[in-house]
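For this chain, numbers begin at 1 and follow the sequence in order.
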Amino acid sequence: MSDIMKPDHSRNMKLIGHSDQGGLADGIQVMVEDGFAYIGHLFSQGFSIVDVRDPANPRPAGYVAAPANTWNVHLQVADGLLLVIHGKDVFADSAFADEASYYKAAAGTALGTAAPKKARDWDAGLAVYDIATKPGEPRRIGFMPVSGGIHRIWWTGGKWAYVSALLDGYTDFIFMTVDMSDPTNPREAGRYALPGMHQAAGEKRSWPANAKFGLHHAIVNGDIAWGAWRDAGLVVMDVKDRSNPSLIRHVNWSPPFQGGTHNCLPLADRDLLVVLDEAVLDDFEDGLKNIWIFDVKDPANPVPIATMPPPADQDYTHKGAHYGPHNIHENRPGTFQSSSIIFSTWQNAGVRVFDISNAYQPKEVGALVPPPPRSMMDKRPGKKPIIQTCDIFVDKAGLIYVTDYNAGLYIMEYTG
């Protein structure tokens, strides 16, 4: 296998360090605070802590196990606190060994929460940890139960957190506001679901059964929440009244495009929105996914004006595993912030950096494709040792933290 620090391809980027996360190399979302990286796992359940105070020599610093049949794939840090999701460990279930069975079905149907008939065998909700008292040593201080679980969180500190929640009686994940004023006792404040999602209330869906109309997560700027609603596209919500979020506009481009909307990043100073559609199936089965640029001068009328150019240094469509966008750096307060440079992960095509100074003509200005993983954490049938860059976090100093769910944590630098 290739040397883990020798990229397969690089342009205006270099590798600084790497960690296998103490042998639990399956990294999903990563957050960095006070010299420690907190990393959710896809197959190892729980989450890990890596000491990154020396970026060239990151060291495993701990692991927090999840309850049985539960994963902690997503987390957030702010205000000396760590928020961690608890949800069904989907890929440990033999029913989802083929990813298509998950991504082509409503979560409530797939997990049995839309019309519950039996008790849960997983832990579901939002856990809160103190990481200020002893950085790198999370101490759990609170928990909010959520009937079916949470997928992802947006929280940058303060009173309000925003989660995608799977509730009994709903077809899929919906938008929920969470009151964090008492971190030991977070509680639901309000919720919003697309019409047709509240199955227990007698609502009927208007979309195909194999379309995933569920919220991945929303990014909130001011009083607007920009929701990435998977196969339902973009859902813009008014959250001025956190107890009663309401719809501003729903825009969907699937079909004719393939759906899977995953991130909606507002660039408020330019009235732009960067929207990423996630590639979720191997061997290019779900086709080309885009990172879009929308003009959102009028939030009630988002207009697509461009897409990021796909990688052109080789034919990644035939490389195998997932090819296409997965995540973007989300400009969190206290991290690297830019309305012209966009950092993204493209799974088998590594990391791509785009300059959108001209929003109508975005261009790639940096790339780094790590080598194949040394071993496989993904034990599902047919999986191959191919790089799958997953999440990306860029700190205030410009260091780039990238996870891969077989290869662990990479620390990179953009030199362009």
Side-chain angles (χ1 to χ4, degrees), residues 19-52 58-78 80-97 102 111 113 119-153 155 161 163-166 183-186 373 375-380 388 390-391 393 401 403-409:
S19 172
D20 72 353
Q21 301 162 181
L24 304 177
D26 51 315
I28 299 294
Q29 191 165 27
V30 55
M31 292 274 138
V32 180
E33 181 89 351
D34 293 330
F36 291 89
Y38 301 88
I39 302 165
H41 291 298
L42 187 60
F43 307 110
S44 301
Q45 303 181 343
F47 65 92
S48 284
I49 304 102
V50 176
D51 184 337
V52 294
R59 295 179 293 111
Y63 168 75
V64 177
N69 303 313
T70 302
W71 66 11
N72 302 147
V73 286
H74 292 128
L75 35 74
Q76 299 272 276
V77 294
L81 298 173
L82 169 69
L83 275 55
V84 180
I85 71 98
H86 283 220
K88 169 73 171 178
D89 184 350
V90 174
F91 294 138
D93 190 326
S94 60
F96 304 108
Y102 176 70
L111 303 183
T113 57
R120 296 291 113 85
D121 67 351
W122 69 91
D123 197 48
L126 175 68
V128 182
Y129 293 82
D130 168 20
I131 55 171
T133 305
K134 291 185 177 180
E137 298 182 30
R139 178 177 63 89
R140 184 160 146 173
I141 60 172
F143 190 80
M144 181 183 77
V146 173
S147 55
I150 292 174
H151 188 68
R152 188 153 156 168
I153 317 162
W155 184 64
V163 304
S164 47
L166 185 62
T184 66
N185 185 32
S375 60
M376 292 291 288
M377 298 296 295
D378 188 349
K379 306 300 184 183
R380 291 173 294 174
Q388 296 281 262
C390 186
D391 193 33
F393 178 101
Y401 301 82
T403 57
D404 175 274
Y405 53 73
N406 286 303
L409 176 69

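- Val30 approaches Tyr401 most closely through the heavy-atom pair CG1-O, 3.9 Å.
- When all heavy atoms are compared, the tightest approach of Phe47 to Asn72 is CD2-OD1, 3.9 Å.
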task = Under the side-chain contact (heavy atoms from CB on, under 4.5 Å) rule, what do Met31 and Phe393 come out as? Steps first, then yes or no, please.
result = CA-CA 7 Å; Met31 292 274 138; Phe393 178 101; 4.1 Å; yes

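- In this structure, CG in Asp26 is found 6.5 Å from CG in Leu42, a value given to the nearest 0.5 Å.
- Gln76 places a side-chain N or O within donor-acceptor distance of the main-chain N or O of Trp155, the cut-off being under 3.5 Å.
- For His86, the ring pair (Phe, Tyr, Trp, His ring centres under 6.0 Å) partners are Phe143, not counting sequence neighbours.
- Remark: Arg152 CZ to Gln29 CD distance equals 4.0 Å, nearest 0.5 Å.
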task = Please test Val163 against Leu83 for side-chain contact (heavy atoms from CB on, under 4.5 Å), starting from the C-alpha separation and ending with a verdict.
result = CA-CA 11 Å; Val163 304; Leu83 275 55; over 6 Å; no

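- The closest donor-acceptor contact from the side chain of Ser19 to the backbone of Arg59 lies at 3.5 Å or more, if one exists at all.
- Of all heavy-atom pairs spanning Ser44 and Met377, the tightest one is OG-CE, 3.5 Å.
- How far CD1 of Ile131 is from CG of Asp34: 7.0 Å, rounded to the nearest 0.5 Å.
- A donor-acceptor contact shorter than 3.5 Å is absent between the side chain of Asp391 and the backbone of Gly27.
- In this structure, Gln45 contributes its side chain and Ala65 its backbone to no donor-acceptor pair below 3.5 Å.
- Of the inter-residue distances, the one linking Leu24 atom CG with Ile39 atom CD1 reads 10.5 Å to the nearest 0.5 angstrom.
- Aromatic ring pairs are classed by plane angle as parallel below 30°, tilted from 30° to 60° and perpendicular above 60°; the pair Phe43 and Phe91 is tilted.
- Put simply, NE2 on His41 and OG1 on Thr403 are 10.5 Å apart, with the number rounded to the nearest 0.5 Å.
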query = Can you check side-chain contact (heavy atoms from CB on, under 4.5 Å) on Leu82 and Leu75, steps first, answer last?
reply = CA-CA 7 Å; Leu82 169 69; Leu75 35 74; 4.0 Å; yes

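- Under a cut-off of 6.0 angstrom, the local environment of CZ in Arg140 is crowded, with over 12 non-hydrogen atoms contributed by other residues, nucleotides or ligands.
- Side-chain atoms of Asp89 never come within 3.5 Å of backbone atoms of Trp71 as a donor-acceptor pair (strictly under, hydrogens ignored).
- With hydrogens and angles disregarded, a donor-acceptor distance shorter than 3.5 Å links the side chain of Asn69 to the backbone of Asp121.
- The main-chain N or O of Gly136 is found under 3.5 Å from a side-chain atom of Tyr38 such that the two form a donor-acceptor pair.
- In this structure, CG in Leu126 is found 13.5 Å from NE2 in His74, a value given to the nearest 0.5 Å.
- Asp130 approaches Gly80 most closely through the heavy-atom pair OD1-O, 3.7 Å.
- Nearest heavy atom pair, residue Val50 against residue Pro58, reads CG1-CB, 3.8 Å.
- Partners of Asp93 under the salt bridge (charged side-chain N to carboxylate O under 4.0 Å, His left out) rule, at least two apart in sequence or in another chain, are Lys88.
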message = What verdict does the side-chain contact (heavy atoms from CB on, under 4.5 Å) test give for Leu81 and Ile141, after you've listed the backbone C-alpha separation in whole Å, the side-chain angles of each residue and the deciding distance to 0.1 Å?
response = CA-CA 10 Å; Leu81 298 173; Ile141 60 172; 3.9 Å; yes

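- Ser147 approaches Ala124 most closely through the heavy-atom pair O-CB, 3.7 Å.
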